Amino acid sequence: MPRWEADAQGRLERAALDLFETQGFERTSVAQIAGAAGLKERSFYRYFPDKREVLFAGNELETYLVAQVEAADHGLAPIEALLTALGTAEEIFRPREFLLRRGRVIAANPALAERDLIKLSAIADALTPALKRRGVEPGKARFFIDVVLAIHRRAMPRWLAEPDTTLAQLMAQAAAELRDVVAPPAPAVHRVGRTHGSQESVKPAVLDDSADH
């Protein structure tokens with residue numbers, strides 16, 4: 001008699017996370033995951049090609065982001081279109097508890113951390129044509145995507161730790177931090193006036209790439 005397999009994929013995911021956390025990713029076998037989920041080993045491969053892909057299966061985020069960028073107002077700057085798409089992606093994310101546990105498992109294993117970067121690179125590859133269709137040159141498109149993904153990586157741990165704050169708010173905060181680093185406010189330079197020892201503030205000159213040389 002075949003084993004009961006309702007919500008088999010979900011049970012495999014939960015069983016895998018439990019085992020990865022208690023005995024480590026490397027020491028966990030597919031047979032152990034299937035057994036803990038109440039399934040036969042061959043059932044595992046109906047849902048995942050290997051145990052690593054339990055943590056990386058699915059292209060929902062990639063599909064969502066591409067659709068959002070393509071549907072964005074064409075008057076929106078490319079980076080703003082990307083920020084908006086990622087900022088609203090929390091509606092398709094897995095539950096926070098799953099993402100927190102998944103993140104801990106990945107952080108403890110260098111090979112999984114590398115696979116996570118490959119997954120992000122695949123998302124960037126999928127987004128590049130979407131920006132090209134908005135008239136962005138391919139090199140610039142990939143640059144914009146990499147910048148926004150870096151902002152997302154900065155915001156995500158905060159979102160996981162702050163359930164009352166939206167991802168869009170934390171993305172905006174991380175973007176503001178980046179702007180402060182890349183283009184900090186010019187400091188005022190104080191110099192002594194010629195009369196009565198008074199001081200005046202002078203802002204240093206800023207290079208203008210558009211100026212004639």
Side-chain angles (χ1 to χ4, degrees), residues 5-17 19-20 25 28 30 33-34 37 39 42-72 76 78-134 136 138-157 159-160 166-168 170-171 174:
E5 295 195 12
D7 189 31
Q9 181 170 340
R11 287 189 290 131
L12 287 167
E13 289 174 341
R14 291 188 290 274
L17 274 178
L19 290 167
F20 293 161
F25 175 80
T28 297
V30 167
I33 295 171
L39 300 168
R42 68 172 178 268
S43 295
F44 177 94
Y45 295 105
R46 296 178 187 170
Y47 303 96
F48 308 104
D50 55 52
K51 65 179 182 178
R52 181 186 62 178
E53 291 308 304
V54 173
L55 301 170
F56 299 103
N59 295 313
E60 293 86 356
L61 179 59
E62 176 183 310
T63 301
Y64 176 86
L65 293 176
V66 170
Q68 289 297 305
V69 169
E70 291 186 334
L76 209 57
I79 282 187
E80 292 302 323
L82 290 166
L83 286 171
T84 300
L86 273 162
T88 59
E90 63 181 283
E91 63 188 62
I92 66 162
F93 284 166
R94 304 293 296 275
R96 272 187 173 86
E97 182 60 27
F98 175 88
L99 294 176
L100 283 166
R101 295 176 67 194
R102 173 185 179 275
R104 288 193 292 266
V105 171
I106 291 173
N109 187 291
L112 293 178
E114 182 178 357
R115 178 65 181 85
D116 196 32
L117 292 176
I118 292 172
K119 182 86 172 183
L120 281 176
S121 180
I123 290 174
D125 289 343
L127 283 169
T128 300
L131 284 190
K132 286 172 62 180
R133 287 190 286 272
R134 294 174 65 88
V136 182
K140 279 189 177 181
R142 189 54 183 253
F143 175 67
F144 292 154
I145 293 164
D146 288 343
V147 168
V148 172
L149 286 178
I151 291 171
H152 180 255
R153 287 173 68 85
R154 172 76 167 167
M156 270 300 289
W159 179 75
L160 290 171
T166 67
L167 181 58
L170 295 169
M171 291 279 292

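Heavy atoms only: backbone and side chains are in, while hydrogens, waters and symmetry mates are out. Model, not experiment: these values are computed from the prediction.
Under a 3.5 Å cut-off, the side chain of Asn109 and the backbone N or O of Leu112 do form a donor-acceptor pair. One N or O on the side chain of Arg134 and one on the backbone of Ala72 form a donor-acceptor pair closer than 3.5 Å. Under the 3.5 Å distance criterion, the side-chain polar atoms of Tyr47 are left unmatched by any main-chain donor or acceptor of Ala57.
Between the OG1 atom of Thr28 and the CG atom of Leu17 there is a distance of 10.5 Å, given to the nearest 0.5 Å. Residue Phe20 holds its CZ atom at 14.5 Å from CZ of Arg104, rounded to the nearest 0.5 Å. We find the CD-NZ distance between Glu114 and Lys119 to be 15.5 Å, quoted to the nearest 0.5 Å. For the atom pair CG (Leu83) and CG (Leu76), the distance works out to 9.0 Å, reported to the nearest 0.5 Å. Here the straight-line distance linking atom CD of Glu90 with atom CE of Met156 works out to 9.0 Å at 0.5 Å rounding. To the nearest 0.5 Å, atoms CG (Leu167) and CH2 (Trp159) are separated by 6.5 Å.
Proximity of Leu149 to Leu86: side-chain heavy atoms (C-beta onward) are separated by under 4.5 Å at one or more points. Here the side chains of Leu12 and Arg46 are not in contact, with every heavy-atom distance at 4.5 Å or above. A heavy-atom distance below 4.5 Å is found between the side chains of Ile106 and Phe56. You'll find the side chain of Leu82 reaches within 4.5 Å of the side chain of Leu131, heavy atoms only. Looking only at side-chain heavy atoms (C-beta outward), Phe48 and Glu13 come within less than 4.5 Å of each other.
Heavy atoms only, all atoms of each residue included: Phe93 and Leu61 are closest at CE2-CD1, 3.9 Å. Scanning both residues, Ser43 and Leu39, for their nearest heavy atoms gives CB-CB, 4.1 Å. Of all heavy-atom pairs spanning Asp146 and Ala124, the tightest one is OD1-CB, 4.4 Å. Between Met171 and Gly87, the shortest heavy-atom contact is CG-CA, 4.2 Å. Contact detail for Pro138 and Thr128: the closest heavy-atom pair is O-CG2, 4.3 Å. Closest non-hydrogen pair, Leu55 versus Arg102, comes out as O-NE, 2.6 Å.
Salt bridge annotation for Glu53-Arg115: present, with a cationic side-chain nitrogen under 4.0 angstrom from a carboxylate oxygen.
Checked options Thr84, Leu127, Ile79; the residue passing with Val148 is Ile79 (criterion: side-chain contact (heavy atoms from CB on, under 4.5 Å)).
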